[in-house]
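Reviewing the structure listed below.
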Amino acid sequence: MNTTAAPTDNGTTAEPNGDVRSDRREHLFSLARQVTGFMPDDEGEALFLAALRAGACFDQATFMEIGAWCGKSTVYIGAAAEETGAVLFSLDHHHGSEENQAGWEHHDGSLVDQESGRIDTLPHWRRTVGEAELESSVIGLVGDSPTVSSRWTTPLAFCFIDGGHGEEPAWADYRGWAPRVVEDGWLAIHDVFPDPADGGRPPFDIWQAAIASGEFVEDGECGSLRILRRL
Ligand code: SAH
Ligand code: MG
């Protein structure tokens, strides 16, 4: 695939044979829409466009996704990685967050592995990435986010935080991953709800902390998705 053309400001691809790539993009978007998960269509496309900018801005960019679940957001970011020659590392222990466990609001019994009795979204994530034919642009990382971030040294052009939404996991993700974003790179945070009636505080709090740090500026939003750029 040709990865040399730079995306224009409106996110379309300025090249004569752009139709082919556009079809690919639409194919991936329609696939993403069908994947089980927590990413509204418009937010997914906004996520894609932010990652596309990061991929266009940095040569051989590295993208990181924290919280993959069944691969819905993975396809949106992976589509941008493929178009720009970036590589997306998609990190999850695949056992679900606290809020996904039995008895909690976001539990889905069909994702429980019958042998272990635990949620296991890895087979679903693999199927999604395989169906999307994104395996050369998307690498799965199976493990605990703070453990991985404590050993991770590659600078990130784009980082998407959508892992555990409790106080402890959200802050651990912010503290562990925000410093890995390069200057001029992007940090995206999901489930940021200014009104507590709409959702939990921790994603909102870390988004505020990022701005208050003076290291990030707001660079767009869609629904509960917030895009930040590192100064
Ligand atoms: N981005 C996904 C939704 C992610 S849900 C989508 O588009 O649908 C949050 C995910 O974070 C869950 O899959 C859960 O397993 C993962 N997660 C929570 N805490 C984690 C941790 N400490 N390490 C790795 N993954 C974690
Ligand atoms: Mg989310």
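First listed ligand is number 1; within each ligand, the first listed atom is number 1. None of the values given here were measured: they were computed from a predicted structure.
When the heavy-atom distances from atom 24 (C) of ligand 1 to G163, P169, G143 are ranked, the shortest goes to G143.
When only interatomic distances are considered, the shortest N/O to N/O separation between G67 and ligand 1 falls below 3.5 Å. At under 3.5 Å, a nitrogen or oxygen of F38, whether backbone or side chain, sits near a nitrogen or oxygen of ligand 1. Checked against a 3.5 angstrom limit, the closest N/O atoms of S73 and ligand 1 fall inside it. Polar contact with ligand 1: present for D144 (N/O pair, distance under 3.5 Å). Ligand 1 has a nitrogen or oxygen under 3.5 angstrom from a nitrogen or oxygen of G96. Where the criterion is an N or O separation shorter than 3.5 Å, residue side chain and backbone included, D162 meets it with respect to ligand 1.
Other residues, nucleotides and ligands contribute at most 12 non-hydrogen atoms within 6.0 Å of the CZ atom of R126.
Nearest to the Mg ion (ligand 2), among the N, O or S atoms that D162 has, is OD1. Considering just the N/O/S atoms of D191, the one nearest the Mg ion (ligand 2) carries the name OD2. Restricting H190 to its N, O or S atoms, the one at the least distance from the Mg ion (ligand 2) is ND1.
If you check which protein heavy atom lies closest to atom 13 (O) of ligand 1, you get D92 OD2, 2.6 Å. The single protein non-hydrogen atom nearest to atom 23 (N) of ligand 1 is S145 N, 2.8 Å, given as residue, atom name and distance. Nearest protein neighbour of atom 25 (N) of ligand 1, counting heavy atoms only, is H93 N, 3.3 Å. The nearest protein atom to atom 18 (C) of ligand 1, hydrogens excluded, is given as S97 OG, 3.2 Å; this is a heavy-atom distance.
Ion pair R226/E221 flagged as a salt bridge, since at least one NZ, NE, NH1 or NH2 atom sits closer than 4.0 Å to an Asp/Glu carboxylate oxygen.
Neither the backbone nor the side chain of A172 has a heavy atom within less than 4.0 Å of ligand 1.
Contact check for H107 versus V112: side-chain heavy atoms found under the 4.5 Å cut-off. Counting only heavy atoms from C-beta outward, the side chains of I119 and Q101 approach each other to under 4.5 Å. Put simply, the side chain of R25 reaches to within 4.5 Å of the side chain of L52, judged on heavy atoms.
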